[in-house]
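Since we're looking at a predicted model, the values are computed, not measured.
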Amino acid sequence: MENQTSTYEFLLLAFSSHQDLLFPLFLALYLAALLGNLLILVAVGSDPRLHTPMYVLLVSLSLADLCFTSATVPRLLYALLTGDQTITHSACLSQVFFFLMAGNVDSYVLAAMAWDRYVAICKPLHYPTVVTLSRCMVLLGAVWVGTALHSLLHTALLARLTFCSNHALPYFFCDIHPLLHLACSDTSLNYMMVIFEGGSVIILPALCILASYIFIGAAVCQIRAPGGFRKAFSTCGSHLTVVILFYGTVVSVYLQPPGEAEDQEEYQDLVAIVMFSVVAPTLNPYIYSLQNREIKAALAKVFTGSQG
């Protein structure tokens with residue numbers, strides 16, 4: 001049975017038409033994601049002044065976004081270019097692992113960034129002692145190890161399943177839910193882990209972000225100094241934009257209301273998935289870097305060769 005399972009091939013049905021138009025679009029998005037996130041890594045890595053907790057968190061977000069897009073888009077580009085929409089069982093499970101890990105790292109890093117902004121605004125005098133570089137490194141290490149173990153658990157649970165004769169997936173990559181729909185063997189353990197363990201991975205960071213912004217909002221409302229609100233918004237604006245973009249699309253993908261027409265629901269699913277897995281990781285570095293003078297100054301120094 002294991003040998004049979006390993007020879008499975010799944011069919012990725014999404015974007016099976018209009019390849020000539022879609023290939024340059026997704027290629028441009030992927031190259032933009034690579035460029036934006038790599039520029040942040042170069043900027044932070046080249047400037048010792050940016051080796052601070054806030055920018056270490058930003059580097060981790062960029063690494064997660066690189067992993068997020070690279071787990072799915074290159075395979076989509078290959079399918080659009082060659083017309084080959086099949087993917088092997090092992091490649092499918094690899095996509096599930098890296099896609100889950102990168103998405104969950106994104107979620108936890110956004111929560112850590114919200115904590116960073118909360119301390120900076122609500123407890124500014126304690127910021128240097130509370131948000132330290134060593135503490136952030138330990139936190140990020142735990143996030144990457146924990147999300148890798150989480151993804152490995154769900155991938156291993158998928159690997160034990162057998163699948164029916166229908167191997168057609170409605171997405172352009174392998175994800176847990178469509179794979180569970182195709183399984184012939186018992187999936188009760190998989191669904192239980194998705195609901196309880198998997199759900200907490202999204203809900204816990206979301207609650208941390210919500211709590212942080214409640215405290216930040218209460219602190220901002222008490223600001224009496226002129227320009228205080230604008231300064232607070234400039235501190236949180238980029239992060240809040242990324243959070244809305246990330247969680248807005250996550251909710252539309254995984255928490256859709258029932259009762260919609262099936263074809264309309266699949267179309268909306270696909271649009272939301274592209275926003276969630278391709279557009280959001282592409283926009284994240286530009287939302288941060290275009291509004292960040294330190295990042296732009298570090299990049300200018302790299303490209304001009306200035307030492308000052």
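T52 and R49 make their closest contact through CG2-O, 3.6 Å (heavy atoms, listed as atom of the first residue, atom of the second, distance). Taking both residues in full, the closest heavy atoms of V194 and I176 are given as CG2-CG2, 3.9 Å, listed atom of the first, atom of the second, then distance. Across every non-hydrogen atom of F303 and L39, the tightest pair is CZ-CD2, 3.7 Å. In plain terms, the two heavy atoms of T69 and P74 that are nearest each other are O-CD, 3.5 Å. Heavy atoms only, all atoms of each residue included: P170 and P178 are closest at CD-CB, 4.0 Å. Across all their heavy atoms, S151 and M101 have their closest contact at OG-N, 2.9 Å.
Residues F215 and M113 share a hydrophobic cluster, clusters being chains of Ile/Leu/Val/Met/Phe/Trp/Tyr side chains in contact below 4.5 Å. Following chains of ILVMFWY side-chain contacts shorter than 4.5 Å, one cannot reach L77 starting from L21, and the two form parts of different hydrophobic clusters. Y247 is connected to I244 through a chain of hydrophobic side-chain contacts under 4.5 Å among Ile, Leu, Val, Met, Phe, Trp and Tyr, so both are in one cluster. Note on L204 and L140: same hydrophobic cluster, where clusters join Ile, Leu, Val, Met, Phe, Trp and Tyr whose side-chain heavy atoms are under 4.5 Å apart, directly or indirectly. Note on I40 and L35: same hydrophobic cluster, where clusters join Ile, Leu, Val, Met, Phe, Trp and Tyr whose side-chain heavy atoms are under 4.5 Å apart, directly or indirectly.
In this structure, the side chains of L29 and V73 stay at 4.5 Å or more apart for every pair of heavy atoms. The side-chain heavy atoms of D65 and T282, taken from C-beta on, include no pair separated by under 4.5 Å. Using a 4.5 Å heavy-atom threshold, the side chains of S60 and W144 count as touching. N104 has its side chain within reach of H150: a pair of non-hydrogen atoms, C-beta onward, lies under 4.5 Å apart. Residues I295 and V44 are in side-chain contact: their nearest non-hydrogen atoms beyond the backbone lie under 4.5 Å apart.
Between F26 and F15, the distance from one ring center to the other falls under 6.0 angstrom. A centroid separation of 6.0 Å or more is found between the aromatic rings of Y118 and Y213.
Side-chain N or O atoms of N292 include one that pairs as donor or acceptor with a backbone N or O of E294 at under 3.5 Å. Proximity of a side-chain donor or acceptor of E9 to a complementary backbone N or O of T86 within less than 3.5 Å is not detected. Checking side-chain atoms of T187 against main-chain N and O of A183 turns up no donor-acceptor pair under 3.5 Å. In this structure, D84 contributes its side chain and A79 its backbone to no donor-acceptor pair below 3.5 Å. A distance-only check finds a donor-acceptor pair linking the side chain of S46 to the backbone of A43 [under 3.5 Å]. When atom types are taken as modelled, the side chain of T132 and the backbone of R135 share a donor-acceptor pair closer than 3.5 angstrom. No donor-acceptor distance shorter than 3.5 angstrom exists from the side chain of Q85 to the backbone of L11, with no hydrogens or angles considered. The closest donor-acceptor contact from the side chain of H154 to the backbone of F97 lies at 3.5 Å or more, if one exists at all. In this structure a side-chain-to-backbone donor-acceptor pair under 3.5 Å is missing from D116 to A112.
Residue F98 places its CZ atom among 12 or fewer non-hydrogen atoms of other residues, nucleotides or ligands, all under 6.0 Å distant.
We find the OG1-CZ distance between T155 and F99 to be 12.0 Å, quoted to the nearest 0.5 Å. Taking OG of S134 as the reference point, atom CG of L139 lies at 11.0 Å (rounded to 0.5 Å). The distance from atom OG of S212 to atom CG of L110, rounded to the nearest 0.5 Å, is 11.5 Å. If you take CZ on R117 and CD1 on I216, they are separated by 8.0 Å, rounding to the nearest 0.5 Å.
When only modelled atom types and interatomic distance are considered, Y286 and N37 share no side-chain donor-acceptor pair under 3.5 Å.
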**OP:** Could you go through the side-chain contact (heavy atoms from CB on, under 4.5 Å) check for N284 and F68 one step at a time?
**Re:** CA-CA 12 Å; N284 285 352; F68 210 25; over 6 Å; no

**OP:** Dump the intermediate steps for side-chain contact (heavy atoms from CB on, under 4.5 Å) on H89 and F10, then the final yes or no.
**Re:** CA-CA 7 Å; H89 179 262; F10 296 98; 3.9 Å; yes

Original post:
Which is it for S107 and F246 under the side-chain contact (heavy atoms from CB on, under 4.5 Å) test, yes or no, and what are the steps along the way?
Top reply: CA-CA 8 Å; S107 183; F246 179 80; 4.1 Å; yes

Subject >> From CA spacing to verdict: side-chain contact (heavy atoms from CB on, under 4.5 Å), L12, Y171 >> reply: CA-CA 6 Å; L12 304 173; Y171 294 174; 5.8 Å; no

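Among pairs with a residue in residues 25-36, those fulfilling side-chain hydrogen bond (donor to acceptor under 3.5 Å, both in side chains) read Y30-S70, at least two apart in sequence or across chains.
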